[in-house]
Amino acid sequence: MIGSYFPKCVAVVALLALSVGALDTFIAAVYEHTVILPNRTETPVSKEEGLLPMNKNIDVLEKAVKLAAKRGAHIIVTPEDGIYGWVFTRESIYPYLEDIPDPGVNWIPCRDPWRFGNTPGQQRLSCLAKDNSIYVVANTGDKKPCNASDPQCPPDGRYQYTDVVFDSQGKLVARYRKGVESTPQKQSRCTTMTKQRVVSCCYQN
């Protein structure tokens with residue numbers, strides 16, 4: 001049934017009615033699609049070039065968000081790496097990352113996209129949530145500078161994290177910070193930095 005809408009891109013949109021307490025319920029949509037990957041995932045690209053596959057994947061996501069909202073879903077959970085793909089190095093993924101602020105700042109990127117710098121990915125996700133009156137959980141990248149006074153600061157001077165949640169008004173309401181700690185042998189392990197209401201996996205560098 002769902003495949004008839006966009007069979008090449010969507011693997012599944014499952015609607016689940018979940019109980020929350022004694023009185024409240026909500027309908028959640030769980031979504032997968034075939035990710036459109038960049039042409040050169042091992043080579044750093046410009047921010048503009050990085051936006052091309054991101055926007056193509058969000059275009060696909062937009063169809064699923066609209067369908068889920070039309071069918072009564074209150075929240076849609078999108079796939080890991082569903083916006084910009086995978087098989088990046090720590091350096092080559094950097095152009096895809098945006099500054100994701102603390103949710104306490106009361107920010108709707110759809111209305112004020114430049115408040116925290118250039119955030120086109122967050123703007124589009126926020127507008128998808130707002131325009132369709134649905135919560136959107138998305139796996140996207142955050143970047144935060146650090147310095148030598150922080151003993152856990154990576155050698156390149158920044159943390160890289162994942163996952164955001166926008167409410168049905170398009171407001172950023174949660175972020176999940178899970179980073180990857182790499183060894184000189186290029187092995188990786190996940191380390192949770194900060195957790196706020198959302199659970200996800202980290203990307204592997």
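Just so you know, residue 1 is the first one in the sequence shown, and it goes up from there.
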Does Lys56, at its NZ atom, have more than 12 non-hydrogen atoms belonging to other residues, nucleotides or ligands within less than 6.0 Å?
no
Return the minimal non-hydrogen interatomic distance between Gly50 and Val45, and the atom names on each side.
N-CG2, 3.9 Å
Under 3.5 Å, is there a donor on one side chain and an acceptor on the other for Tyr94 and Asp156?
no
Can any side-chain N or O of Arg175 pair as donor or acceptor with the backbone N or O of Pro101 at less than 3.5 Å?
yes
Would you mind telling me which of Val164, Leu97, Asp163, Ile100 makes a side-chain contact (heavy atoms from CB on, under 4.5 Å) with Asp142?
Ile100
Given the rule that I, L, V, M, F, W and Y join up when any side-chain heavy atoms are under 4.5 Å apart, are Leu52 and Val60 in one cluster?
no
Quick one: pull up SG in Cys153 and CZ in Arg158 and give me the separation to the nearest 0.5 Å.
10.0 Å
Measure the shortest side-chain to side-chain distance between Asn57 and His33 over non-hydrogen atoms and say whether it is less than 4.5 angstrom.
yes
Contact between Pro109 and Phe166 at the side-chain level, heavy atoms closer than 4.5 Å - yes or no?
yes
When you compare the side chain of Pro154 with that of Cys146, does any pair of heavy atoms fall below 4.5 Å?
yes
Starting at CD1 of Ile83, measure out to OH of Tyr96 and round the result to the nearest 0.5 Å.
13.0 Å
Does the side chain of Val35 reach to within under 4.5 Å of the side chain of Asp81, using non-hydrogen atoms?
no
Here the ring-ring contact (aromatic ring centres under 6.0 Å, His included) pairs for residues 112-158, sequence neighbours left out, are Trp107-Phe116
With sequence neighbours excluded, give me every salt bridge (Lys or Arg N to Asp or Glu O under 4.0 Å) pair touching residues 103-125.
Asp59-Arg124, Glu62-Arg124
Could you grab the distance from atom CD of Glu32 to atom OG1 of Thr78, nearest 0.5 Å is fine?
9.0 Å
Check whether Val165 and Ile108 end up in the same hydrophobic cluster, where Ile, Leu, Val, Met, Phe, Trp and Tyr are linked by side-chain heavy atoms less than 4.5 Å apart.
no
Of all heavy-atom pairs between Ile75 and Ile134, which one has the smallest distance, and what is that distance?
N-CG1, 3.6 Å
Are any of the side-chain heavy atoms of Lys63 and Leu67 separated by less than 4.5 Å?
no
Which distance, rounded to the nearest 0.5 Å, do you find between the CG of Leu61 and the CG of Asn55?
11.5 Å
side-chain hydrogen bond (donor to acceptor under 3.5 Å, both in side chains) partner of Glu98, the single match among Gln123, Gln122, Lys143:
Gln122
Taking NZ in Lys144 as the centre, count heavy atoms belonging to other residues, nucleotides or ligands within less than 6.0 Å. Is the count above 12?
yes
Shortest non-hydrogen pair, Asp167 vs Ala129, comes out as O-CB, 3.2 Å
Spatial distance of atom OG1 (Thr140) from atom CD1 (Ile58) [nearest 0.5 Å]
7.0 Å
At their closest point, which heavy atom of Ala68 faces which heavy atom of Ala29, and how far apart are they?
CB-CB, 3.7 Å
When you measure from the side chain of Lys47 to the backbone N and O of Pro95, does any donor-acceptor pair fall under 3.5 Å?
yes
Test item: Tyr84 and Ile93 side chains (from C-beta on) under 4.5 Å apart, heavy atoms
yes
Nearest 0.5 Å, please: how far is CG in Leu172 from CG in Asp102?
8.5 Å
